[in-house]
Asks: 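Okay, handing you the structure first.
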Amino acid sequence: MAKPKNAMEIFQHLDKSNCRECGEKTCLAFAGAVFKGAKSLDRCPKLDSDMIDQLSGGSEAPNLAERTREEYLGQLKDEIRRTDLSEAAERVGGRFNGKKLTLKVLGKDFSVDAEGTLSADIHINPWVAVPFLNYVLYAQGVSPTGDWVSFRELENGQERYPLFQKRCEESMKSVADVYTDLFDDMVHIFGGKEVDEAFESDIAVVIHPLPKVPIMICYWAPEDGLASSLNIFYDETADKNLDIGSIFTLGAGLTQMFEKLAQRHGYVAAAGG
Ligand code: SF4
């Protein structure tokens, strides 16, 4: 898609419901804020990730959210320089080889050195980098208990839950509805583990985006006229090891990654999921 030359070109791809979830009074105001670089497109929960990618790729305006994220990453890396990585490795369930602290992220090695430089077996997305560094710096190191709770039951999760539900659970459900290998891929590509009898779901897989922050994804297939559903559960200790913003970021990032995988495999998730 050619880069948007003005706010109207962004506006024409918006929902036009003026629902205000982006924090602007109207979709037009939101389009203007995005064009100026004051808001990022992902603040509108009704835009799918594909459209966000297309519009962002072409946007000439500096993206304030992206710059803010880069600055934030810089601050976290500064903090890492003041941190004893050997002590941190023990606390967060990683290992330290004298140079780098390494954790398993979705089954793959992900490391940071004393200068805050990240390296990994996988592509380093910002949605992994920020939670990873927050986890290394601030996780209390509480071991998971195996008791699963919803996002809204975590500290400060209640108010963010509507957006989490829309951006993560509903979108991931749309992927699971059409991408029949999704849960197999979670097991085989991302080191997940299928578990039994979780809330009577048809399938439940536990994955580890971070060692002490497991996520359980449960899917109920459509049945007897009932629609399918999908819920993401966290260990009750998740908020002791990661702030709610990072927990949200991981959920949204995973969802986008699964959407892209589904597309790559030729599946097209239902719109509006
Ligand atoms: S959240 Fe999206 S649909 Fe709602 S007002 Fe903002 S731009 Fe429009």
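As the structure lists them, so they are numbered: ligands from 1, and atoms in each ligand from 1. None of these values were measured; they are calculated from a predicted model.
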Asks: So, does Trp220 use its side chain to make a donor-acceptor pair with the main chain of Ala227 at under 3.5 Å?
Replies: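 Checking the backbone N and O of Ala227 against the side chain of Trp220, no donor-acceptor pair under 3.5 Å is found.
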Asks: State whether a side-chain donor-acceptor pair under 3.5 Å links Tyr179 with Gln263.
Replies: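 On atom types as modelled, these side chains do not qualify, holding no pair under 3.5 Å.
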Asks: Determine whether the side chains of Lys173 and Ser228 contain a donor N or O and an acceptor N or O closer than 3.5 Å.
Replies: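 Short answer, yes.
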Asks: So, with waters excluded, how many protein N/O/S atoms does atom 4 (Fe) of ligand 1 have closer than 2.8 Å?
Replies: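 That number is 1, waters not included.
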Asks: Is the Phe110 ring parallel, tilted or perpendicular to the Phe132 ring (thresholds 30°, 60°)?
Replies: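 Geometry flag for Phe132 against Phe110: tilted rings.
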Asks: Identify the two heavy atoms, one from Glu24 and one from Phe30, that lie closest to each other, and give their separation to 0.1 Å.
Replies: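 Shortest heavy-atom separation between Glu24 and Phe30 comes out as CG-CA, 3.7 Å.
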Asks: Can a side-chain donor-acceptor contact be found between Asn134 and Ser246 if the only test is distance below 3.5 angstrom?
Replies: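 Per modelled atom types, Ser246 and Asn134 side chains form a pair under 3.5 Å.
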